[in-house]
Visitor: 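Below is the structure I would like to discuss, written out as structure tokens.
We count residues from 1, following the sequence as given.
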Amino acid sequence: MKPLDSASTPADWVVVHLDIGAEEGRIHEPPGALRADISQRIEGLRWARLQREGEELARQLEASWGPADYSEPGLRAWRLPRPGPSAP
């Protein structure tokens with residue numbers, strides 16, 4: 001994965017979802033909503049691959065930026081901007 005340059009984004013947060021299935025389960029929609037199951041919308045992608053990529057990204061961000069500013073089971077979030085790498 002390519003390192004994130006936090007200075008080049010207008011975002012306020014980087015949020016890493018470590019368990020997409022659990023996130024999907026937290027969505028509450030009114031009866032009759034027309035949302036397709038997430039597994040159908042991302043057809044062809046494997047849950048295990050997404051899980052590994054999320055975990056790897058969270059490890060990289062923690063190594064670069066320190067512990068997440070917000071954390072809960074299955075989710076890590078870092079407030080932006082973050083300091084850039086130190087010059088040698």
Side-chain angles (χ1 to χ4, degrees):
M1 275 183 254
K2 185 177 176 182
L4 177 70
D5 177 7
S6 69
S8 68
T9 179
D12 293 324
W13 290 87
V14 170
V15 178
V16 179
H17 296 270
L18 302 172
D19 186 345
I20 294 174
E23 288 297 313
E24 175 74 2
R26 293 171 63 172
I27 297 171
H28 301 287
E29 295 200 37
L34 299 176
R35 186 177 59 88
D37 183 82
I38 193 170
S39 62
Q40 293 172 355
R41 289 184 284 148
I42 58 172
E43 185 177 337
L45 293 178
R46 294 189 180 109
W47 290 105
R49 178 177 150 215
L50 293 173
Q51 183 86 20
R52 284 191 310 272
E53 288 177 356
E55 291 168 354
E56 177 60 24
L57 180 57
R59 278 192 294 275
Q60 289 176 4
L61 292 176
E62 189 165 297
S64 296
W65 294 346
D69 295 306
Y70 178 80
S71 182
E72 66 179 54
L75 186 136
R76 302 292 180 274
W78 288 263
R79 183 179 288 279
L80 296 177
R82 303 303 280 199
S86 302

Visitor: To the nearest 0.5 angstrom, please state how far the CZ atom of R52 sits from the CG atom of L57.
Guide: 14.5 Å
Visitor: Do the side chains of L80 and L61 join up, straight or via other hydrophobic residues, at under 4.5 Å, putting them in one cluster?
Guide: yes
Visitor: Looking at every heavy atom in both A58 and L18, which two are closest together, and how far apart are they?
Guide: CB-CD2, 3.9 Å
Visitor: Tell me the closest heavy-atom pair linking G66 and W78, and the distance in Å.
Guide: O-NE1, 2.9 Å
Visitor: Among all residues two or more places apart in sequence or in another chain, which pass the salt bridge (charged side-chain N to carboxylate O under 4.0 Å, His left out) test with D19?
Guide: none
Visitor: Under the side chain to side chain donor-acceptor pair (under 3.5 Å) rule, collect the residues that match up with Q51, sequence neighbours excluded.
Guide: E55
Visitor: Show your reasoning for whether side chain to side chain contact (heavy atoms under 4.5 Å, CB included) applies to D69 and W13.
Guide: CA-CA 9 Å; D69 295 306; W13 290 87; 4.0 Å; yes
